[in-house]
Number of protein chains: 2
Amino acid sequence: MKDVAEAAGVALKTVSRVVNEEPGVNPATAGRVTAAIERLGYRRNESARVLRRGRTATIGLVIEDVADPFYSGLSRAVEDVALRHGSLVLSGSSGEDPRRERELILAFCSRRVDGLVIVPAGTDHDYLRPELDAGIAAVFADRPGGLEADTVLCDNAGGAHAGVSHLIRHGHRRIAFIGDSASIFTAGERLHGYRRALAEAGLPFDPSLVATGPAEQAGPALNRMLSGDAPPTAVFTGNGRITVAVLRTGHRLALVGFDDFELADLLVPGVTVVAQDPVRLGRTAAELLFRRLSGDHGTPERVELPTRLIPRGSGELPG
Amino acid sequence: MKDVAEAAGVALKTVSRVVNEEPGVNPATAGRVTAAIERLGYRRNESARVLRRGRTATIGLVIEDVADPFYSGLSRAVEDVALRHGSLVLSGSSGEDPRRERELILAFCSRRVDGLVIVPAGTDHDYLRPELDAGIAAVFADRPGGLEADTVLCDNAGGAHAGVSHLIRHGHRRIAFIGDSASIFTAGERLHGYRRALAEAGLPFDPSLVATGPAEQAGPALNRMLSGDAPPTAVFTGNGRITVAVLRTGHRLALVGFDDFELADLLVPGVTVVAQDPVRLGRTAAELLFRRLSGDHGTPERVELPTRLIPRGSGELPG
DNA sequence: TGGCGCACTGACAACGTTGTCAACAGCGAT
DNA sequence: ATCGCTGTTGACAACGTTGTCAGTGCGCCA
């Protein structure tokens with residue numbers, strides 16, 4: 001910038017004015033400056049600008065894994081909203097590891113992001129408190145975080161309830177639940193929905209029909225249930241990866257899965273799912289964030305998005 | 001930092017030393033400083049640090065669309081390599097729009113990223129020249145960019161050649177090619193591979209069996225070919241989205257697709273594909289970038305990664 | 001002619017760090 | 001007692017911006 005000022009024969013401040021399109025610069029002068037900028041290939045140093053002004057026009061996004069289609073859809077939505085607000089996105093995958101999540105978040109904060117969209121892996125976010133006090137906004141998405149802040153969730157319990165009820169309506173009495181580790185919020189909620197649906201239909205809850213854990217264990221768990229003495233006739237799966245794992249076992253039994261996925265309609269039979277809308281989730285969270293950034297300091301909000309049952313065949317197999 | 005210095009009763013510089021774990025600070029003093037840091041919830045301002053030191057420990061990643069599984073795999077790989085080198089990733093989707101790509105790249109540059117991994121949508125990258133001269137490293141991934149720089153590609157022509165040859169070996173003589181717009185580098189290369197395979201087998205090249213364009217047009221294009229008077233008996237598809245679009249048309253004819261995708265093995269018949277490795281692509285590009293950042297100033301490299309034919313049934317249907 | 005306001009421009013400090021260099025005390029060697 | 005050395009600490013400038021405030025020249029009105 002100093003070089004540009006020199007080249008154009010004006011003061012530093014005048015260049016700054018031109019770069020920021022501030023009013024009150026003689027068009028002729030502005031022209032000389034613009035020419036000098038062009039000639040020297042000058043580009044404003046954003047770090048210095050941030051240092052002076054406080055805002056970075058950058059937000060941070062922490063998700064579990066970009067490579068998971070659910071989160072990549074969410075990512076894209078957040079990115080689009082950010083771009084519309086003139087911001088960029090620093091993103092990172094926590095891999096469901098609270099330590100890595102913490103490191104990412106703190107790294108984002110020390111780079112002075114304006115705000116954060118977090119799909120929390122951990123449950124303790126006290127370390128965020130000083131940052132929030134310092135003016136960084138935060139929105140939790142998909143799961144609630146460890147402190148009072150804006151949160152956007154899906155109706156996990158309601159969706160699971162709808163999916164399991166659907167199986168019950170088709171005559172099933174022994175329905176397995178295979179889901180994520182119970183420690184994950186969404187998994188717990190979905191299990192609640194499952195139990196509520198059973199209870200409403202007057203069916204007993206049988207712990208031997210419930211398996212929770214990472215997706216790799218889903219197949220073996222189902223195999224064990226099926227070789228037991230009171231095997232299930234239907235399965236409700238707790239997330240997309242687990243649904244696929246169950247499909248790979250090759251058993252042909254009634255199935256409803258939480259999360260929609262590409263090609264679910266092309267399999268035979270088509271896979272009935274309870275669909276969430278990751279794009280809407282991301283969009284809602286990001287918009288809420290930018291509302292906060294533009295000065296809305298009301299009490300934290302909690303938004304719950306609906307789910308949608310999509311029958312495709314696998315959930316309509318008779319019991 | 002000033003507050004911390006005051007609270008600990010030391011000079012600014014001493015706090016800086018402690019924060020940066022520089023040697024030569026009395027352990028007792030360091031203890032007082034650490035305590036003050038803890039007490040005040042201090043965190044170093046990275047913008048100021050960048051301003052002073054020049055390195056941001058941040059790289060930029062420009063891809064076509066995070067929501068596409070191919071690119072989300074690549075993203076995750078880049079992110080992991082970056083994290084291993086203590087860097088964060090600013091990422092953005094260009095949506096195959098050269099203007100948006102340019103905006104993203106320049107925005108990254110003005111935030112002084114150390115380097116860029118770019119999946120180029122445009123072909124003109126002259127605007128990058130001053131940035132490269134200013135020391136920002138750049139690696140093109142998946143496609144070559146508009147200037148001399150490190151590039152990591154897949155063996156597009158070879159992969160297409162292998163896929164088409166596979167169909168020919170199974171007796172097909174009229175093989176359609178349905179791919180991306182020919183203006184996209186990878187699409188052009190794959191078309192070359194297709195033509196080379198035909199030529200080697202002594203088969204004629206029939207333009208009426210070739211369709212290029214966005215994925216939405218793939219289904220209609222195939223339908224048109226099949227209702228013509230010399231319909232194809234097999235199809236080679238130029239990318240994952242187009243493969244899926246062709247599958248949705250419901251025609252049962254021999255098919256080999258470029259790009260592997262989840263569930264390809266669960267469809268009936270399984271979908272034979274030419275698999276690229278997006279994770280390896282991302283990893284290779286990012287590692288090359290960090291090699292440059294750590295001082296390797298050799299001439300630009302061009303790496304070509306192999307592809308792999310995975311027979312699953314659809315490509316082995318008789319002609 | 002003097003005074004006033006307007007349009008434009010510039011000098012300077014400050015943002016929060018870190019690199020450079022100097023200062024200081026304590027200590028063993030001369 | 002002096003010197004030089006080591007270990008520790010601090011003062012100060014600089015990084016590239018922008019906000020504040022103070023000019024400067026010019027036209028216009030009284």
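Naming convention: chains lettered A, B, ... in sequence-line order (proteins, then strands); numbering from 1 in each chain.
Within residues 21-29 of chain B, the residues that place at least one heavy atom under 4.0 Å from DNA chain D are, in residue-number order, B:Gly24, B:Val25, B:Asn26, B:Thr29.
For B:Arg291, the side-chain contact (heavy atoms from CB on, under 4.5 Å) partners are B:Leu288, B:Asp296, B:Glu301, not counting sequence neighbours. Considering only residues two or more places apart in sequence or on other chains, A:Asp277 meets the side-chain contact (heavy atoms from CB on, under 4.5 Å) condition with A:Val279, A:Arg280. Considering only residues two or more places apart in sequence or on other chains, B:Arg302 meets the salt bridge (charged side-chain N to carboxylate O under 4.0 Å, His left out) condition with none of them. Checked against side-chain contact (heavy atoms from CB on, under 4.5 Å), B:Asp3 has the following partners two or more places apart in sequence or in another chain: B:Leu40. In terms of the side-chain contact (heavy atoms from CB on, under 4.5 Å) criterion, residue partners of A:Val50 (sequence neighbours excluded) are, by chain and number, A:Thr56, B:Ser47.
The residue A:Val10 sits close only to the backbone: its heavy atoms come under 4.0 Å of sugar-phosphate atoms, none of a base.
Ion pair B:Glu96/B:Arg143 flagged as a salt bridge, since at least one NZ, NE, NH1 or NH2 atom sits closer than 4.0 Å to an Asp/Glu carboxylate oxygen. Classification of B:Glu101 and B:Arg99 as a salt-bridged pair fails, no side-chain N sitting under 4.0 Å from a carboxylate O.
The closest donor-acceptor contact from the side chain of A:Asp150 to the backbone of A:Val139 lies at 3.5 Å or more, if one exists at all. Side chain of A:Thr14 to backbone of A:Val10: no donor-acceptor contact under 3.5 angstrom is found. Formation of a donor-acceptor pair under 3.5 Å by the B:Ser94 side chain with backbone atoms of B:Ile63 is found in this model.
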Sub-3.5 Å pairs of nitrogen or oxygen atoms, protein against nucleotides 24-27 of chain C:
none

Enumerate all atom pairs, one protein N or O and one N or O from nucleotides 13-16 of chain D, separated by less than 3.5 Å.
residue : atom : partner : partner atom : Å
D:dA14  : N3   : B:Arg52 : NE           : 3.0

Polar atoms only, N or O, under 3.5 Å: list the protein pairs with nucleotides 21-26 of chain D and their distances.
none

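Put simply, the side chain of B:Ile105 reaches to within 4.5 Å of the side chain of B:Leu128, judged on heavy atoms.
Between B:Ser16 and C:dT17, a side-chain N or O to OP1/OP2 separation shorter than 4.0 Å is absent. Contact check, B:Thr14 against D:dT9: no side-chain N or O comes under 4.0 Å of OP1 or OP2.
Each side chain to side chain donor-acceptor pair (under 3.5 Å) pair with one or both residues in residues 77-89 of chain B, not counting sequence neighbours, appears once here: A:Ser93-B:Glu79, A:Arg100-B:Asp80, B:Arg76-B:Asp80.
Around atom CD of A:Glu22, more than 12 heavy atoms belonging to other residues, nucleotides or ligands sit under 6.0 Å away. In the displayed structure, B:Glu148 atom CD is contacted under 6.0 Å by at most 12 heavy atoms of other residues, nucleotides or ligands.
Separating the NZ atom of B:Lys13 from the C1' atom of C:dA22 is a distance of 14 Å, rounded to the nearest angstrom. Rounded to an integer number of Å, the gap from A:Asn20 CG to D:dG19 P is 7 Å.
For the helix from C:dT1-D:dA30 to C:dT30-D:dA1, the terminal axes (five pairs an end, C1' atoms, rotation from four pairs onto the next four) enclose an angle of 70°, given to 10 degrees.
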Run the side-chain donor-acceptor check on residues 26-33 of chain A: report pairs under 3.5 Å with partners two or more places apart or on a different chain.
residue : atom : partner : partner atom : Å
A:Asn26 : OD1  : A:Ala28 : N            : 2.8
A:Arg32 : NE   : A:Ala8  : O            : 3.3
A:Arg32 : NH2  : A:Ala8  : O            : 3.2

